[in-house]
Amino acid sequence: MRHLIDPTDLSVEEIHEILTLAEAIIADRAKYREACKGKKLATLFYEPSTRTRLSFTAAMLELGGEVIGFSDANSSSVSKGETVADTVRVIRCFADIIAMRHFKEGAPLVASQYAGIPVINAGDGSHAHPTQTLTDLLTIKREKGRLDHLTIGFCGDLKFGRTVHSLIKALSRYEGIRVLLISPEELRLPSYMLKEMRAHSNLEFREVRTMEEAMPELDILYMTRVQKERFLDEEEFDRVKDSFVLDPSKLAAAREDMIVLHPLPRVNEITRAVDNDPRAVYFRQVENGKFVRMALIYKLLEWADANRPYEHTPVFGQEYVVGGHTCSNRRCISATEDVDRIFRVAEDGTLRCAYCETKAK
């Protein structure tokens with residue numbers, strides 16, 4: 001059974017296959033109008049979402065399929081204490097594929113161990129957001145014509161920004177990628193990711209503290225909002241929320257062919273005056289998300305095994321170190337649900353929680 005939990009679950013060749021299919025769908029939408037007729041997508045959204053949930057819904061409907069699910073955890077049995085594992089074992093009786101967003105890091109990975117049908121991670125806490133990554137890659141490919149030999153600046157919340165973490169992982173597999181990390185000290189990229197980036201010899205990066213310092217070098221500027229819901233300390237949020245704001249004066253130093261991406265929603269990190277600049281492509285980016293999710297749903301259903309429940313659960317998709325360690329991250333699914341404590345061996349030799357990447361205790 002194939003799932004998409006992390007961007008690296010797909011090979012570079014498989015990503016190319018999905019992006020190529022997305023472009024084919026854009027070119028001839030009528031051809032795919034009944035590609036998923038008779039299939040059902042379950043959207044299990046445990047936290048608020050506009051773009052991602054509606055994008056998945058529109059994607060499945062345009063493929064001729066149907067959509068069931070919920071958009072609020074309080075309207076589901078989770079409000080009664082039902083676990084993720086039990087929820088997906090029920091949902092697999094009604095659907096052919098699942099898209100899950102959850103506030104707990106690692107929840108979609110747990111779902112994939114029990115569902116028996118393909119599971120797509122639509123965002124888990126501050127951990128990963130692989131379909132946004134596919135959206136970003138399709139947008140870069142369509143706007144820049146390539147996915148290699150690019151300089152990209154990530155600006156804003158790099159600590160909790162799951163879209164940033166996912167895209168860096170994906171880009172690390174392409175040649176000639178330079179990454180500039182633009183953030184305040186409080187929102188730097190997590191140290192484990194910096195270590196992993198150093199381990200990739202073909203990925204160059206450096207940290208900077210101002211947009212102005214980075215702007216002239218960039219092919220792509222990837223803006224992110226400072227996410228209040230990811231902060232445990234509101235005073236820390238108030239101190240950094242206005243740190244980095246993109247306006248026309250900052251764009252004056254940018255290249256004419258640079259593009260500005262943003263996973264949205266924005267708050268004040270991009271002023272409205274930037275919207276009419278031809279380099280602002282974030283609303284085209286949203287539409288690309290629908291097409292790439294159409295391609296992903298189509299491919300995962302095509303790659304799926306026979307649609308039947310697993311005979312034994314949980315089912316692990318790769319080799320893990322099981323038991324003997326604990327995860328200290330209270331945002332991790334393992335902190336609140338009875339799940340197997342599983343860990344992977346990172347490139348630096350440390351054990352990392354398979355659900356959230358936190359170092360094992």
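The analysis underlying the following values was restricted to heavy atoms, covering all of them including side chains, and did not include hydrogens, waters or symmetry mates. Because the structure is predicted, anything quoted here is derived from the model rather than measured.
- Side-chain atoms of Met211 and Cys155, non-hydrogen and from C-beta on, do get closer than 4.5 Å to each other.
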If you apply the rule salt bridge (charged side-chain N to carboxylate O under 4.0 Å, His left out), what do you find for Lys299 with Glu14, and how did you get there?
CA-CA 9 Å; Lys299 279 296 177 185; Glu14 287 169 337; over 6 Å; no
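- No single ILVMFWY cluster, assembled from side-chain heavy atoms under 4.5 Å apart, contains both Leu138 and Leu54.
- Salt bridge Glu62/Arg29: present, at least one basic N to carboxylate O contact under 4.0 Å.
- In this structure, the side chains of Arg142 and Ile26 come closer than 4.5 Å at one or more pairs of heavy atoms.
- At least one donor-acceptor pair under 3.5 Å links the side chain of His165 to the backbone N or O of Leu158.
- For the atom pair OG1 (Thr43) and CD1 (Ile91), the distance works out to 9.5 Å, reported to the nearest 0.5 Å.
- At a threshold of 4.5 Å between non-hydrogen side-chain atoms, the residues Val274 and Pro248 count as touching.
- The side chain to side chain contact (heavy atoms under 4.5 Å, CB included) test applied to Glu175 returns His149, not counting sequence neighbours.
- Between the CD1 atom in Ile333 and the NE2 atom in His102 there is a gap of 4.5 Å [rounded to 0.5 Å].
- Side chain of Asp9 to main chain of Leu4: no donor-acceptor pair is present (N/O by atom type, distance under 3.5 Å, no hydrogens or angles).
- Judged by distance alone, with hydrogens and angles left aside, the side-chain atoms of Arg255 form no donor-acceptor pair with the main-chain N or O of Asp257 at under 3.5 Å.
- Proximity of Arg209 to Arg188: side-chain heavy atoms (C-beta onward) are separated by under 4.5 Å at one or more points.
- A cation-pi arrangement is not found for Arg89 relative to Tyr114, the charged atom failing to lie both closer than 6.0 Å to the ring centre and inside a 45° cone about the ring normal.
- For residues 338-357, the pairs satisfying ring-ring contact (aromatic ring centres under 6.0 Å, His included) are His325-Phe343, with sequence neighbours left out.
- The closest side-chain heavy-atom distance from Glu66 to Ile68 is not below 4.5 Å.
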Determine whether Cys332 and Thr358 satisfy the following criterion, side chain to side chain contact (heavy atoms under 4.5 Å, CB included), listing intermediate values before the conclusion.
CA-CA 9 Å; Cys332 181; Thr358 300; 6.0 Å; no
Going through the checks in order, is the side chain to side chain contact (heavy atoms under 4.5 Å, CB included) test met by Lys39 and Met60?
CA-CA 9 Å; Lys39 300 292 185 179; Met60 191 56 160; 3.7 Å; yes
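- Under 4.0 Å is where a charged nitrogen must lie from a carboxylate oxygen, and between Arg344 and Glu357 at least one such pair does.
- Note that CE of Met193 and OG of Ser172 are 8.0 Å apart. Values are rounded to the nearest 0.5 Å.
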Please assess Thr313 against Gln113 for the test side-chain hydrogen bond (donor to acceptor under 3.5 Å, both in side chains), listing each intermediate value before the final yes or no.
CA-CA 7 Å; Thr313 55; Gln113 296 164 4; over 6 Å; no
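- Put simply, the side chain of Arg101 does not reach to within 4.5 Å of the side chain of Leu44, judged on heavy atoms.
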Could you give me the CA-CA distance, side-chain angles and deciding distance for His262 and Glu269, then say whether side-chain hydrogen bond (donor to acceptor under 3.5 Å, both in side chains) is met?
CA-CA 10 Å; His262 193 305; Glu269 63 276 8; 2.6 Å; yes
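- Leu134 places a side-chain heavy atom less than 4.5 Å from the side chain of Leu296.
- With salt bridges taken as basic N to acidic carboxylate O contacts below 4.0 Å, none links Asp247 and Arg272.
- Hydrophobic clustering, with ILVMFWY side chains joined whenever heavy atoms are under 4.5 angstrom apart, keeps Val322 apart from Leu351.
- Cluster membership for Val12 and Ile18, using ILVMFWY side-chain heavy atoms within less than 4.5 angstrom, is shared.
- Using a cut-off of 4.0 Å between Lys/Arg side-chain N and Asp/Glu carboxylate O, Glu105 and Arg162 are scored as not salt-bridged.
- Using a 30° and 60° split on the angle between ring planes, Tyr46 and Phe103 fall in the perpendicular class, above 60°.
- Between the CD atom in Glu217 and the CG atom in Asp219 there is a gap of 10.0 Å [rounded to 0.5 Å].
- Remark: Glu47 does not engage Arg331 in a salt bridge, criterion side-chain N to carboxylate O under 4.0 Å.
- Linking ILVMFWY residues whenever their side-chain heavy atoms come closer than 4.5 Å, directly or via other members, places Leu61 and Leu21 in the same cluster.
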Thr151 and Ile220: CA distance, side-chain angles, deciding distance, side chain to side chain contact (heavy atoms under 4.5 Å, CB included) verdict:
CA-CA 7 Å; Thr151 299; Ile220 303 159; over 6 Å; no
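- If you take CG on Asp124 and CG on Leu109, they are separated by 8.5 Å, rounding to the nearest 0.5 Å.
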Thr139 vs Asn288, side-chain hydrogen bond (donor to acceptor under 3.5 Å, both in side chains): CA-CA, chis, key distance, verdict:
CA-CA 6 Å; Thr139 304; Asn288 286 333; 3.0 Å; yes
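- Between Thr163 and Thr133 the shortest side-chain heavy-atom distance does not fall below 4.5 Å.
- Using a 4.5 Å cut-off between side-chain heavy atoms of Ile, Leu, Val, Met, Phe, Trp and Tyr, with links allowed through other members, Val267 and Val245 fall into different hydrophobic clusters.
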Derivation of the side chain to side chain contact (heavy atoms under 4.5 Å, CB included) call for Glu287 and Phe291
CA-CA 7 Å; Glu287 187 173 26; Phe291 294 120; 3.6 Å; yes
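- In this structure, CD1 in Ile182 is found 10.0 Å from CZ in Phe154, a value given to the nearest 0.5 Å.
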